[in-house]
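Data block below; observations after.
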Protein chains: 2
Amino acid sequence: MLSYTEENYLKALLKLSFQNEERPEAGTNEMAAYLGVKPATATDMLKKLKEKNLVTYKKYGKILLTDIGRKNGIAILRKHRLWETFLYEKLDFSWDEVHEVAEQLEHIQSAKLVDKLEEFLNFPEFDPHGDPIPKANGDMPAIAKTLLSELNAGQNCKVAAVKDTSTLFLQYLEKLKITIGTRIKVLEVIAFDGSLNIQIENEEPRSVSMKFAESLFINQLP
Amino acid sequence: MLSYTEENYLKALLKLSFQNEERPEAGTNEMAAYLGVKPATATDMLKKLKEKNLVTYKKYGKILLTDIGRKNGIAILRKHRLWETFLYEKLDFSWDEVHEVAEQLEHIQSAKLVDKLEEFLNFPEFDPHGDPIPKANGDMPAIAKTLLSELNAGQNCKVAAVKDTSTLFLQYLEKLKITIGTRIKVLEVIAFDGSLNIQIENEEPRSVSMKFAESLFINQLP
DNA sequence: TAATAAAGTTAGATTAGTCTAACAAATATA
DNA sequence: TATATTTGTTAGACTAATCTAACTTTATTA
Ligand SMILES: [Mn+2]
Ligand SMILES: [Mn+2]
Ligand SMILES: [Mn+2]
Ligand SMILES: [Mn+2]
């Protein structure tokens with residue numbers, strides 16, 4: 001049985017491993033920063049996780065999830081994203097409110113609960129932020145990797161997921177009437193500062209910053 | 001902010017106070033037994049709860065919730081029973097499975113979540129065991145207090161709530177096709193051992209023990 | 001009422017998770 | 001390569017929640 005805290009460390013390591021998939025290891029400081037604890041604390045926990053065979057790591061070396069560690073991390077992520085979907089779909093939470101509560105709900109221990117919840121939600125593939133929801137067996141749809149900022153003038157796309165999940169960004173998206181699935185056409189790329197002129201669905205054209213365009217994952221349309 | 005553990009103590013004290021309403025105080029050992037900890041542990045926690053103005057108590061004296069303590073205890077109980085209802089109504093849990101998971105869910109911190117959940121469930125008055133669900137303001141429907149064992153031959157009633165919520169009893173009730181709201185007619189009271197002959201809805205008459213009859217709260221019918 | 005039993009408290013220890021401050025190793029840089 | 005910087009570890013302390021064992025107070029009963 002894993003503690004609440006151990007679960008958070010495993011999920012953090014998993015998320016960090018997604019951040020650059022070619023080198024899925026993490027460092028102690030990186031991990032500590034991600035979790036909002038001091039490096040000394042992370043080192044201690046690492047020893048415990050290693051003892052339990054959830055990570056491989058040696059002193060001053062990089063941290064890597066074992067298969068068991070990864071499996072557990074994915075289970076937490078699955079719960080997190082299913083709960084976010086529940087809050088969003090069934091309880092009318094907005095997409096900037098779901099994360100905080102799901103951080104708590106993801107630790108509820110009950111295999112039956114997770115699977116029944118998934119069924120109740122009709123086996124959703126993606127959470128409200130467009131992130132893929134792992135299946136009970138650990139399978140997970142591929143993650144969209146193309147950013148809006150990578151498109152050229154004239155190209156069309158659909159919003160796949162948000163890279164930045166901060167409240168500020170999510171609320172800005174709402175204001176712009178952008179949500180997962182929204183169609184966007186790139187009208188012009190401004191070389192000077194990387195900003196874009198875009199058309200959101202059939203709205204009036206408007207300009208967005210490079211920072212904005214680098215925070216949205218999209219799927220290209222023909 | 002209350003810790004997970006403090007919340008459990010407050011809910012325990014509240015439940016104990018329901019157990020005899022004329023004298024709503026509890027003792028240290030009673031409380032420890034209820035929570036499955038040692039008396040020494042309960043004493044320590046009591047000091048902390050007193051420090052936080054959640055209980056009144058002095059050394060070797062009885063424990064009583066303050067208004068704040070009571071308010072907090074009721075909030076936990078509200079969450080517990082709403083979650084039980086959710087699990088039962090929406091996720092097809094059986095009534096002997098809901099309690100364990102609700103014990104965890106009741107500690108999720110989010111005012112919005114509780115209220116939205118209540119709305120989603122259509123403002124239920126009672127949980128799957130027939131226990132009243134406190135409203136957001138702390139109001140609570142009256143608790144049924146009459147036991148099946150208090151009826152005489154010829155009287156009719158409806159099952160209001162279960163007094164015993166053990167898996168063994170709940171599963172036995174299922175087998176007998178008894179649930180909250182089921183109509184029962186007392187056909188005969190056996191003076192020898194307090195057992196009853198009863199008719200459940202329109203089923204064949206059958207006999208139940210005194211222990212059984214003392215575990216069901218009912219509302220009398222004319 | 002005096003002895004016994006029950007109820008409740010205290011002291012001291014343990015475990016999980018965290019911190020600060022000092023130190024050590026690895027990496028980058030001049 | 002020598003030094004400086006970054007990264008990571010250790011030692012020692014703290015808090016919350018728990019325990020056991022010994023002790024004290026209150027209640028029961030002979
Ligand atoms: Mn989230
Ligand atoms: Mn999400
Ligand atoms: Mn319950
Ligand atoms: Mn209940």
Side-chain angles (χ1 to χ4, degrees), chain A residues 1-13 16-17 19-20 23-65 69 72-73 76 103-104 106-109, chain B residues 1-13 16-17 19-20 23-65 69 72-73 76 103-104 106-109:
Chain A
M1 185 96 316
L2 297 174
S3 74
Y4 189 104
T5 311
E6 288 168 337
E7 290 190 343
N8 280 335
Y9 278 84
L10 292 182
K11 193 182 63 160
L13 284 169
L16 288 173
S17 84
Q19 265 170 39
N20 61 333
R23 294 168 112 266
E25 333 111 322
T28 303
N29 289 0
E30 194 184 2
M31 189 171 150
Y34 190 91
L35 286 161
V37 297
K38 300 291 164 181
T41 309
T43 299
D44 283 353
M45 182 56 71
L46 239 33
K47 289 178 190 161
K48 201 190 302 180
L49 295 178
K50 185 186 175 178
E51 206 48 54
K52 291 195 176 186
N53 267 301
L54 296 162
V55 303
T56 58
Y57 131 95
K58 56 179 173 313
K59 249 207 249 186
Y60 295 103
K62 291 292 175 183
I63 309 147
L64 206 57
L65 286 169
N72 279 282
I76 312 297
E103 277 303 311
Q104 302 175 59
E106 72 192 1
H107 301 287
I108 303 293
Q109 306 282 343
Chain B
M1 183 93 320
L2 299 174
S3 74
Y4 189 104
T5 311
E6 287 168 336
E7 291 191 342
N8 281 334
Y9 279 85
L10 292 182
K11 194 183 61 160
L13 284 169
L16 288 174
S17 83
Q19 267 169 37
N20 61 331
R23 297 170 111 265
E25 334 112 320
T28 304
N29 289 1
E30 193 184 2
M31 189 171 150
Y34 190 91
L35 286 161
V37 299
K38 300 291 164 179
T41 308
T43 300
D44 282 353
M45 182 57 69
L46 239 32
K47 290 179 191 162
K48 201 189 305 180
L49 294 178
K50 185 187 177 178
E51 205 49 53
K52 291 195 176 187
N53 267 300
L54 297 161
V55 303
T56 58
Y57 131 95
K58 55 180 175 310
K59 249 207 251 185
Y60 296 104
K62 290 292 176 185
I63 310 147
L64 206 57
L65 286 169
N72 278 281
I76 312 298
E103 276 303 311
Q104 302 176 59
E106 71 191 4
H107 300 289
I108 304 292
Q109 306 281 345

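Convention: sequence-line order gives letters A, B, ...; per-chain numbering from 1.
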Within the pair B/Lys47 and C/dT9, is there a side-chain N or O less than 4.0 Å away from OP1 or OP2?
no
Which atoms form the tightest heavy-atom contact between B/Ser17 and B/Pro24, and what is the distance?
CB-O, 3.6 Å
Return the value, rounded to whole Å, for the distance between atom OH of A/Tyr4 and atom P of D/dA16.
18 Å
A/Glu103 and A/Lys11 ion-paired at < 4.0 Å
yes
For atom CD of A/Glu25 and atom P of D/dG8, their distance in whole Å
11 Å
Shortest non-hydrogen separation from B/Leu10 to B/Gly69 and the atoms involved
CD1-O, 4.1 Å
Is B/Lys58 touching bases, backbone alone, or none of the nucleic acid, heavy atoms closer than 4.0 Å?
nothing
What's the NZ-P distance between B/Lys52 and D/dT15, to the nearest Å?
14 Å
So which atom in A/Leu16 and which in A/Met31 form the shortest heavy-atom distance, rounded to 0.1 Å?
CD1-CA, 4.0 Å
Return the minimal non-hydrogen interatomic distance between A/Val55 and A/Leu46, and the atom names on each side.
CG2-O, 4.1 Å
d(CG, B/Leu46; P, C/dT9) in whole Å:
7 Å
How many whole angstroms separate atom CD of A/Glu7 from atom P of C/dA16?
16 Å
For the side chain of A/Thr41 and the backbone of A/Val37, is there at least one donor-acceptor N/O pair under 3.5 Å apart?
no
Show, in sequence, the C-alpha distance, side-chain angles and deciding distance for B/Gln109 and B/Glu7, and conclude whether the side-chain hydrogen bond (donor to acceptor under 3.5 Å, both in side chains) test is met.
CA-CA 11 Å; B/Gln109 306 281 345; B/Glu7 291 191 342; 3.0 Å; yes
Listed once per pair and sorted, the side chain to side chain donor-acceptor pair (under 3.5 Å) pairs that draw on residues 49-59 of chain A, sequence neighbours left out:
A/Glu6-A/Lys52
Separation of atom CD in A/Glu30 from atom C1' in D/dT9, rounded to whole Å
18 Å
Scan nucleotides 18-21 of chain C against the protein and return all N/O pairs shorter than 3.5 Å with their distances rounded to 0.1 Å.
from: C/dT18; atom 1: OP2; to: A/Tyr9; atom 2: OH; distance (Å): 3.3
from: C/dC19; atom 1: OP2; to: A/Lys38; atom 2: N; distance (Å): 3.0
from: C/dC19; atom 1: OP2; to: A/Thr41; atom 2: OG1; distance (Å): 2.5

Tell me the closest heavy-atom pair linking A/Tyr4 and A/Gln104, and the distance in Å.
OH-CA, 4.2 Å
Would you indicate what A/Tyr57 reaches in the nucleic acid, counting non-hydrogen atoms under 4.0 angstrom: base, sugar-phosphate, or nothing?
sugar-phosphate
Over how many whole Å does the gap from B/Leu49 atom CG to D/dA16 atom P extend?
12 Å
Would you mind reading off the distance between B/Glu6 atom CD and D/dT18 atom C1', rounded to a whole angstrom?
14 Å
Table of protein N/O atoms under 3.5 Å from nucleotides 23-26 of chain C N/O atoms:
none

